[in-house]
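Written below as structure tokens is the structure these notes are about.
The residues of the chain are indexed from 1 along the displayed sequence.
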Amino acid sequence: MAGRPDYNPQHTSGPRGHDDLLHLDEDEEGPIYNPGQPPPVSDQEMLHTYNISDSDARVSTSHDDWVGSQSTAALPGGPGDASSGLKGGNLRPPTLGDAGRSYSQTSALNNYQRYSDADNDQNSDSASMAGGSYYAAGGGIDEDSVPGLPLNRGGSKHRSRNSILSMGGGIVGRAKNMLGMGPEYSEMDLPLTEAAARPGKHRTDSAGTDETQEPHQHTAGKGKAGRSQPWSTPFSRKTPGSTFTFGRSRPDPSTLGPRIIHLNNPPANLGNKYADNHVSTAKYNAATFLPKFLFEQFSKYANLFFLFTAILQQIPNISPTNRYTTIVPLGIVLLVSAGKEVIEDNRRKSQDRQLNRSPAKVLRGTRFESVKWIDLRVGDIVRVESEEPFPADLVLLASSEPEGLCYIETANLDGETNLKIKQAIPETCEMISSADLARLGGRIRSEQPNSSLYTYEAALTLQSGGGEREVPVNPDQLLLRGATLRNTPWIHGVVVFTGHETKLMRNATATPIKRTNVEKRVNIQILMLGGVLIALSLISSVGDIVVRETIGTKLFYLGPQYGHINVASQFFGDVFTYWILYSNLVPISLFVTVEIIKYYQAFLIGSDLDIYYANTDTPSNCRTSSLVEELGQVEYIFSDKTGTLTCNVMEFRCASIGGFQYADEVSEDRRAAVSDEHDDDMGGGLSQGIYDFKGLERHRLQNSKRTGQVIEQFLTLLSTCHTVIPETNAEKPGIIKYQAASPDEGALVEGAVQLGYQFFARKPRVVRIRIDGADGREEEYELLAVCEFNSTRKRMSCIYRCPDGRIRCYCKGADTVILERLAVRDEVVEKTLLHLEEYAAEGLRTLCLAMREVPEQEFREWWDVFSRAQTTVGGNRADELDKAAELIEHDFSLLGATAIEDKLQEGVPDTIHTLQTAGIKVWVLTGDRQETAINIGMSCKLISEDMTLLVVNEENAEATRSNLQKKLDAIRSQQAQTGSGLGAELETLALVIDGKSLTFALERDMEKSFLDLAVMCKAVICCRVSPLQKALVVKLVKRHLHAILLAIGDGANDVSMIQAAHIGIGISGVEGLQAARSADVSIAQFRFLKKLLLVHGAWSYQRISKVILYFYYKNTALFITQFWYSFQNAFSGQVIYESWTLSFFNVVFTVMPPFVLGIFDQFVNARLLDRYPQLYQLSQKGVFFRTHNFWSWVGNGFYHSLVLYFVSQLIYWDDGYLSDGKVAGHWVWGTSLYTSALVTVLGKAALITNIWTKYTVLAIPGSLAIWFIFLPVYAIVAPKLGFSEEYVNILPVLLTDPKFWLMMVVVPTLCLLRDFSWKYAKRMIWPQAYHHVQEIQKYNVQDYRPRMEQFQKAIRKVRQVQRMRKQRGYAFSQTDESQARVLQTYDTTRERGRYGEMASSRPGG
């Protein structure tokens, strides 16, 4: 920091030096432990993750408690340390002895890294290095000069890992290094740090000291004067996925220590040159476009093939053709592909631009001004209002709520729908006005950017009483980019991380280069064609040598030296010559044609009104058109839950009270028929049907002896037993908005309002409700105690002193825990259980409600126990509170049950069922709780009633391994006993695994067992998973199974998963567009996935397959005739066709049929593909594009070329005598053969076309028409312009020769006769599934299956009800986070202040 005292060695000897070691008033600290990972991390996990030998000594895993530390007496280098006076030669990390250096979780190189980037100031806390202590030096020791350290053995060059001399070996290795794909490369490790690591920029510390300057030299070490130690020089590290740069690279920020952020001091923050707040999901930038694009293009063997051919053509006396006939088309192909990539990437950039230009309110002077997100800087103080997303990572300073509380929703980050509570520190929570904020001075010492969403360490230094005071900042104050402010009018926060340094973006991966399965197969096929071409070249070369050696002297007209050759040089020259001559066998225009077809297919997907969502005016958007055919081969779908399958909206649907059912909507056939509603007992007069909520209101107002009282207690429980905060709007006083940490709780309170019990005010110890009715009375309940919900208890209880003076304990929770705490199990309980089964069968989330009256004396005794539990110290307070709750939660009376619908998106169950019918396995990866995930799995038909649930929910690795192995063994033994095989088991198994178990299951020694078990199941649900775990699951399946994977999600927490899969689908939903921007295809609703895959995917795959195979065929059919001709021309290299006409074959005369086949052809229409989803398995299994398909089409091309050549030879025997006695000549025959070949390949296109449109007519007969227009014009004009002189005077001969017209009819007929016969046999004798469906489509055959499906549906419903008796989910997705501070803080009876703030209800608040 500017203004620090210069280093003075004398400071170390006195008390001042020891005081300075504490760093309480400075910007620096000793080494900070910054894990960058969600805690806790065990030693075993560290050993496993970082490959540390068990024998290596390790430093403590303590978090060092550096914030606000009061003493360093026990630390090495602190007061009293024995090593303080040792010379520099003994410097080594403490606790290691001779074992080596310590290990840091933030170091990818398994070595200790100094933690502070502020140490770079040459005047920074120099006095703290008294005696050369390792810790006092911040760990900044030159390890190369310290003997005994592992990296120093053998002259390690670990500090130059990123130098140009240490790149990967070979051309491919160097290219991968330059693209950030070095030996340690993993797609999962690519951080989006492009913007944060711009070349040429370097960061300075807060005093403006340049990080890249020469290190300040200190005179210490080994007792030799002048020996320098580069204390403050950070050596460069190459982190996995980092981009290669020339010269010195910037260190990964996550490996450095605290960054200094000044409050209300922009110039000081600008000096640090932190990353700006722009975010990019683009694939390229100006610097990387050319190398990335060329690398991607020349990874296609066809382009390498043509590049090699173009180089050969530049060699004199080698090429029989023009030197530009290959390089010009190749350049055009690359330009077209580059244009397509630029267009698609510009679309990504425009979407990024829209996000980066979103408005934010930033403090400028004493007022907030609107700026763009991209203009936010670290240190800015921003104001975020309700329902707005956070523009960067912020530290919360103040909010409108009492004591700086605020609610945030992190569904976009971790998939959890529960609102989370954040709270500002007391020192800043009162800064509610812009004037207060403008006067705020001080600085934040924050950890460096890292990917951990759950940890944060920082310290806020405030000016206080003429001095400075440091207070800790923890995750409770961190508001992450990607989260949204909910139920809080406004907050103020200071920006700590921006752009690509935010935790959200550190979790993201760079946009990967994805190549489709078809492209990879085409590459192999190109190699096969290359092999065919080499074989043909070798045969022709050997033939030429034989001819020259045997009869070469007789062929004097071919050259005077024709028979006198050097065999070796002639042979190799011939190989290259014939390579060029036959090079057209590999279609140069194939890739550009396919790219254009894919682009139009993507356009058709975007134009499909069936996958357009009118409610939000959102069409589908295919951002990466090169992957469209992959949509037809998907075998696994990995789906998020919240916002993808569900709408994230809870609705109160049903209630069972006292054995009677009530619902908001009742079908006529189930509506209750009332015989006598005035019966006092209400038991005999009520039907066993379902009443609507109006009926419930009537029953309540009658206030009968039994049921009416039960209804009142039921509704009282709903309106009081919760932690919801009511929010009133001054502008709309009659409307109350409820702030609920759990969406379930909000729905229950809203349901109570709907039923006449309105919760309208809360004080720390009081709850007020308003009851609808004739008197409209208000009641006040005194809150005595709350036994909070957690995942172990599965219930919550509130103890109230009610208006009648009695104490009651109200409890709600899962049926399993409530039923075992009932006093009696009577008829009402049995009826309620039946209702619960019915609700669960419909996929609703259920809760049981119960109560008991507590005697005064019992409560007083219990309160003593509960109070002691609340003040327990020693780490087991939660256990003590649970035990205390058990003492009062017993002998309940069951009031009834509730049913909440976690509203699914429209069509989700049908879509999942259809996709499973199509042979696609669906895995759900969600951050929600296990019970919630299972419930949704039931309601969306992912888990059906005939499935056996395999639940893996263990606390440690060994238990997880044992559980997985036990289940695997049981399944395998059952298969062996029954002999049913794997197919039968797939229909009956579903796996459910939680996040902790998944962490262990993904370890290297366990992942195969987990995968083996998962693939045996028809459905898999992974719950409580982090964003990184989602991606790791996808990568695991991708690595071990040769299957196409699709990932679909709507939140930023799904981006890594989306980019890890072969195809990423983003939902353009309510949670923002981060997933949609990072995905390959974006759609508005999950149900659109059905048509996207089953129709567009199947069409695209079949079309692309047909086009590629047709390309192989048509090139083989024409150009192999040249090979047959070489046997007649003495292998002299003479060509049959005029060279430019030959070049126009692919780019003019046969260019349109592939386009109409690839864009408009439909082997089955959309309606029947949807009706028969099993047809999807044809494309899924690659039926249309197998290796034998390739060889059969190429073989067919050889056959047609053989027929074309030899039949044409017969027709033009002896050069074809004309009527005037002259011969037709070589070029007349060649032009006739060319015309016959063109008619043949166009006829083949017509034969394989499934649907004829106007475009098909224009393309196939139209191409022949173009030839007959082109031929006379070109044959007349070209010779007059001095080229293509082969056409001189042939036109009159050609058009008047009957043999020309005869050839055009006879030869194609002979060629295609075999094709037609084979097609007939395949359809009539060996038909495939789609042939039958084509017949149904053609003759409009009626399908009589719906009645059978309705019967099967009814059977499934009965089985489902039976199954639900064994397992039910419950509606409680609230986190385990304590709500006590919320209840003690709010007093909603107070009015908000001038700035919309609500004062605290605590004493003095």
Side-chain angles (χ1 to χ4, degrees), residues 186-196 241 277-283 345 347-349 351-352 354-356 373 389-393 409-416 449-454 480-484 497 499-514 621 623-624 627 637-644 923-927 1022 1025-1035 1038 1045-1083 1086:
S186 165
E187 287 179 13
M188 282 308 306
D189 294 329
L190 285 176
L192 284 174
T193 53
E194 197 170 52
N277 200 38
H278 113 282
V279 166
S280 172
T281 60
K283 193 175 177 181
D345 212 48
R347 194 180 300 143
R348 294 188 191 99
K349 288 179 179 176
Q351 292 173 340
D352 292 336
Q354 180 183 353
L355 178 67
N356 291 329
W373 278 21
F390 299 116
D393 287 356
E409 183 180 82
T410 59
N412 206 18
L413 288 169
D414 55 20
E416 288 203 32
N450 58 65
S451 60
S452 173
L453 297 174
Y454 310 104
L480 298 179
R481 177 178 180 141
T484 304
F497 303 134
H500 289 261
E501 290 185 343
T502 58
K503 289 180 179 283
L504 170 65
M505 298 309 292
R506 298 280 297 183
N507 268 281
T509 54
T511 306
I513 296 175
K514 294 183 178 181
N621 180 15
R623 291 161 51 89
T624 310
L627 301 176
I637 291 178
F638 299 87
S639 174
D640 178 40
K641 181 191 77 70
T642 307
T644 303
W923 292 23
V924 172
L925 313 178
T926 177
C1022 303
V1025 294
S1026 67
L1028 184 60
Q1029 282 179 318
K1030 290 184 178 184
L1032 290 175
V1033 170
V1034 175
K1035 296 283 283 184
K1038 190 177 183 181
L1045 316 180
L1046 181 147
I1048 180 169
D1050 73 317
N1053 61 312
D1054 304 315
V1055 170
S1056 296
M1057 171 181 74
I1058 283 171
Q1059 293 185 335
H1062 295 99
I1063 312 160
I1065 308 290
I1067 300 287
S1068 304
V1070 183
E1071 301 301 334
L1073 298 172
Q1074 186 66 37
R1077 288 190 177 100
S1078 304
D1080 303 305
V1081 183
S1082 65
I1083 55 179
F1086 182 84

Counterpart residues, ring pair (Phe, Tyr, Trp, His ring centres under 6.0 Å), relative to W373 (two or more places apart): none
D1054 (side chain) donor-acceptor with I1048 (main chain) under 3.5 angstrom: no
Nearest non-hydrogen partners of A1079 and R623, listed with the distance: O-NE, 2.9 Å
L1046 side chain reached by F638 side chain, heavy atoms, under 4.5 Å: no
L355 CG to N277 CG distance, which is reported to the nearest 0.5 Å: 9.0 Å
Minimum-distance pair of heavy atoms, taken over all atoms of H1062 and L627: O-CD1, 3.7 Å
All side chain to side chain contact (heavy atoms under 4.5 Å, CB included) counterparts of T502, not counting sequence neighbours: D393, R481, F497, L504, M505
A1061: side chain to side chain contact (heavy atoms under 4.5 Å, CB included) partners, not counting sequence neighbours: V1034, L1045, A1047
Closest non-hydrogen atom pair between K1035 and A1060, with its separation: CD-CB, 3.8 Å
Plane angle bin for H278 and H500 - parallel if under 30°, tilted between 30 and 60°, otherwise perpendicular: tilted
Min side-chain heavy-atom separation I1067-I1083 under 4.5 Å: yes
Beyond-backbone contact of N621 with R347, side-chain heavy atoms, under 4.5 angstrom: yes
Side-chain heavy atoms of T410 within contact of L480, under 4.5 Å: no
For N356, side-chain hydrogen bond (donor to acceptor under 3.5 Å, both in side chains) partners two or more places apart: none
Distance (rounded to the nearest 0.5 Å) between D1080 CG and I1063 CD1: 7.5 Å
Residues which pass side-chain hydrogen bond (donor to acceptor under 3.5 Å, both in side chains) with D352, listed by chain and number, not counting sequence neighbours: T281
Note, F390 side chain near T484 side chain (heavy atom, < 4.5 Å): no
Residue pair D640 / K1030, side-chain heavy-atom distance below 4.5 Å: yes
Backbone of D345 reached by a side-chain donor or acceptor of K283 within 3.5 Å: no
Which residues share a ring pair (Phe, Tyr, Trp, His ring centres under 6.0 Å) with F1086, sequence neighbours left out: none
Separation between CD of Q1029 and SG of C1022, rounded to the nearest 0.5 Å: 8.5 Å
